Asks: 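Let me give you the structure first, and then I'll get to my questions.
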Amino acid sequence: ENDLTANLLPPLENAGWHNAWGKKQAANRFEKSDESPFGEYVFTSEINKGTCYPAILSVPAVPGRTLLIEVWVKGEPDEIWLATLSNRGSKIFPVKKEWSRQEIRIKLKDNSVPAAAKIVFWKPKTDKALKITFGQVKASYEK
């Protein structure tokens with residue numbers, strides 16, 4: 001291919017999750033799941049008021065391109081969450097009690113710097129305890 005950006009993204013399976021934006025660590029864990037639609041292990045985060053939110057490892061930022069994030073996710077209670085790409089843009093997506101596949105597209109402007117960006121999944125302004133489970137997360141740039 002003339003356009004090598006399609007091959008720049010690192011694999012995101014079962015690695016790279018860490019806490020972001022908070023004073024206390026969220027309760028994060030990988031666990032086996034017999035009912036997941038895509039594989040045997042899932043990543044679960046239990047979040048209380050004042051705890052951090054889970055984030056994914058950095059991905060290469062390619063200015064002028066649209067990043068497509070595909071997420072298998074479920075949570076309790078049903079909530080609207082945000083996916084933010086290092087302050088380059090945010091999109092909302094629903095999290096329901098049953099597994100659902102969400103597609104999130106974020107266009108990077110031509111002046112996007114630095115060369116890497118973090119995808120952060122978060123829920124703004126909540127006093128409720130939240131549980132969110134990610135089954136699979138994929139990221140790629142649209143052609």
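Quick caveat, the model's predicted, so the values are computed rather than measured.
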Asks: Would you say Glu79 and Lys128 make side-chain contact, with heavy atoms under 4.5 Å?
Replies: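 Yes, side chains in contact.
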Asks: So, taking the atom named NZ in Lys91 and the one named CZ in Arg105, what distance separates them when rounded to the nearest 0.5 Å?
Replies: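 With rounding to 0.5 Å, NZ (Lys91) is 10.0 Å from CZ (Arg105).
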Asks: Quick one: CD on Glu103 to CD1 on Ile69, what's the gap to the nearest 0.5 Å?
Replies: 11.0 Å
Asks: Do Ile119 and Ile104 have side chains that approach each other closer than 4.5 Å (heavy atoms only, starting at C-beta)?
Replies: no
Asks: If you measure from the Lys or Arg side-chain nitrogens to the Asp or Glu carboxylate oxygens, is any gap between Glu31 and Arg29 under 4.0 Å?
Replies: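 Salt bridge present between Glu31 and Arg29.
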Asks: Where the side chain of Lys118 meets the backbone of Leu85, is there a donor-acceptor pair that is under 3.5 Å apart?
Replies: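 Absent.
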Asks: Using atom types as modelled and distance alone, determine if a side-chain donor or acceptor of Arg65 lies under 3.5 Å from a backbone N or O of Leu108.
Replies: no
Asks: To check you understand the geometry: which heavy-atom pair defines the closest contact between Asp78 and Lys97, and what is its length?
Replies: OD1-N, 2.9 Å
Asks: Nearest heavy-atom pair of Asn48 and Ala129: which atoms, and what distance?
Replies: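 Answer, listing the atom of Asn48 first, then Ala129: OD1-CB, 3.2 Å.
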Asks: Using every non-hydrogen atom in the two residues, find where Thr84 and Ser90 come nearest and quote the distance to one decimal.
Replies: OG1-OG, 2.6 Å
Asks: Look at the rings of Phe121 and Phe134 and say which category their plane angle falls in: under 30° parallel, 30 to 60° tilted, over 60° perpendicular.
Replies: tilted
Asks: Looking only at non-hydrogen atoms, find the nearest pair between Gly64 and Lys107 and report the distance.
Replies: O-NZ, 2.8 Å
Asks: I'd like to check the side-chain hydrogen bond (donor to acceptor under 3.5 Å, both in side chains) partners of Glu35; sequence neighbours left out, ordered by chain and number.
Replies: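 In terms of side-chain hydrogen bond (donor to acceptor under 3.5 Å, both in side chains), with neighbours along the sequence ignored, Glu35 is linked to Ser33, Lys74, Trp99.
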Asks: With a 4.5 Å limit on heavy-atom distance, are the side chains of Lys123 and Ile47 in contact?
Replies: no
Asks: Please report the shortest heavy-atom distance between Ile80 and Pro94, naming the atom on each side.
Replies: CD1-CA, 3.9 Å
Asks: Counting only heavy atoms not in Ile92, do more than 12 fall under 6.0 Å of its CD1?
Replies: no
Asks: Check Phe43 against Pro54 and note the closest heavy-atom contact, atom names and distance.
Replies: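 So the minimum-distance heavy-atom pair works out to CE2-CB, 3.7 Å.
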